[in-house]
Chemist: 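Here's a structure for you.
The sequence lines fix the lettering, A, B, ..., with proteins before strands; numbering per chain opens at 1. Values below: all heavy atoms of this structure, side chains included; hydrogens, waters and symmetry mates excluded.
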Amino acid sequence: KNEVEQSPQNLTAQEGEFITINCSYSVGISALHWLQQHPGGGIVSLFMLSSGKKKHGRLIATINIQEKHSSLHITASHPRDSAVYICAVTAYTGANSKLTFGKGITLSVRP
Amino acid sequence: EPEVTQTPSHQVTQMGQEVILRCVPISNHLYFYWYRQILGQKVEFLVSFYNNEISEKSEIFDDQFSVERPDGSNFTLKIRSTKLEDSAMYFCASSGGTGPHFGNGTRLTVT
């Protein structure tokens with residue numbers, strides 16, 4: 001059973017700051033997902049990665065397979081980035097297998 | 001961009017009643033999932049569905065729950081005889097192999 005841990009639990013930042021959210025997992029995976037959940041509850045997929053690094057706009061996700069660790073970076077943070085950021089993993093059984101979720105990090109970006 | 005659609009957005013029901021949560025996955029996706037999130041807790045996997053049958057289910061997904069793809073577009077989750085502890089946000093997701101796409105969720109309140 002894979003355990004997914006995220007840190008820090010809550011995070012408050014000032015607009016413009018560089019933000020890093022971390023995720024670690026306990027068992028080998030086929031892919032790691034970063035998801036965003038807004039107060040209304042909907043979940044949006046940000047990244048799916050199995051190695052290296054991906055970038056989309058101001059968001060950068062990295063993964064270190066050997067260390068079983070991933071980070072999500074937000075550059076030039078903005079109040080609209082305030083949300084819950086969730087790390088989830090899929091097992092070695094395949095990219096279409098279920099997701100195992102972390103608890104999520106609540107990010108608040110102050111203007 | 002294609003979306004996963006869930007209805008209703010909010011369902012209130014009395015304990016012991018049956019509810020059906022509905023989802024329209026993205027049309028060319030083959031893998032379908034139900035997840036739930038109890039308030040304040042992490043998202044949990046319920047069941048995955050592929051090729052018109054359940055491919056995996058969690059311990060939560062007991063005889064009280066069932067899933068169906070009654071036609072080519074809908075994917076439903078039925079909860080028989082609801083309990084207070086079934087109150088949660090229920091998310092449908094579908095995948096075409098590049099990661100899951102989530103619906104906005106149905107908030108189920110059992111009174």
Chemist: Drop me the distance from B:Ser95's OG to A:Lys98's NZ, to the nearest 0.5 angstrom.
Modeler: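 NZ of A:Lys98 is found 15.5 Å from OG of B:Ser95.
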Chemist: If the contact rule is any heavy atom under 4.5 Å from chain A, which residues of residues 75-92 of chain B qualify, in numerical order?
Modeler: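 Within residues 75-92 of chain B, the residues that come under 4.5 Å of chain A (heavy atoms only) are B:Met89, B:Phe91.
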Chemist: Is there a path from B:Val47 to B:Leu108 through hydrophobic residues (I, L, V, M, F, W, Y) whose side chains come within less than 4.5 Å of each other?
Modeler: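 In one cluster: yes.
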Chemist: Counting neighbours of CZ on A:Arg58 that are heavy atoms of other residues, nucleotides or ligands and sit closer than 6.0 Å, is the number greater than 12?
Modeler: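 Buried by this count: over 12 neighbours within 6.0 Å.
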Chemist: Are more than 12 heavy atoms from other residues, nucleotides or ligands located less than 6.0 Å from atom CD of B:Glu59?
Modeler: no
Chemist: With a 4.5 angstrom heavy-atom cut-off, could you sort out which part of B:Gln41 is near chain A: side chain, backbone, both or neither?
Modeler: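 It is neither, since no heavy atom gets under 4.5 Å.
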Chemist: If you define the side chain from C-beta out and look only at heavy atoms, does anything of A:Leu35 sit under 4.5 Å from B:Phe102?
Modeler: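 In contact.
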Chemist: Same cluster for B:Tyr31 and B:Leu46 if Ile/Leu/Val/Met/Phe/Trp/Tyr side chains link at under 4.5 Å?
Modeler: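 Not linked; separate clusters.
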Chemist: Taking atom NE2 of A:His56 as the centre, report whether more than 12 heavy atoms of other residues, nucleotides or ligands fall under 6.0 Å from it.
Modeler: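 No, the 6.0 Å shell around NE2 holds no more than 12 heavy atoms from other groups.
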Chemist: Using modelled atom types only, decide if a donor and an acceptor are shared between the side chain of A:Ser45 and the backbone of B:Pro100 within a distance under 3.5 Å.
Modeler: yes
Chemist: Take atom CG of B:Asp63 as the centre, draw a 6.0 Å sphere, and report whether it contains more than 12 heavy atoms from other residues, nucleotides or ligands.
Modeler: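 Counting other residues, nucleotides and ligands, CG of B:Asp63 stays at 12 neighbours or fewer.
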Chemist: With a 4.5 angstrom heavy-atom cut-off, is it the side chain or the backbone of B:Tyr50 that approaches chain A, or both, or neither?
Modeler: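 Contact with chain A: none, neither part.
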Chemist: Do B:Phe65 and B:Phe32 share a hydrophobic cluster (ILVMFWY, side-chain heavy atoms under 4.5 Å, transitive)?
Modeler: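 They do share one cluster, since a chain of ILVMFWY contacts under 4.5 Å joins B:Phe65 to B:Phe32.
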Chemist: Flag the pair B:Val43 / A:Leu99 as yes when at least one side-chain heavy-atom distance between them is below 4.5 Å, and no otherwise.
Modeler: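 With C-beta onward as the side chain, the pair stays apart.
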Chemist: I'd like to know whether CD of B:Glu3 has more than 12 heavy-atom contacts from other residues, nucleotides or ligands below 6.0 angstrom.
Modeler: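 Check fails, neighbour count at 12 or below.
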Chemist: Answer yes if B:Val24 and B:Tyr33 sit in the same cluster of Ile, Leu, Val, Met, Phe, Trp and Tyr residues linked by side chain heavy atoms under 4.5 Å apart, and no otherwise.
Modeler: no
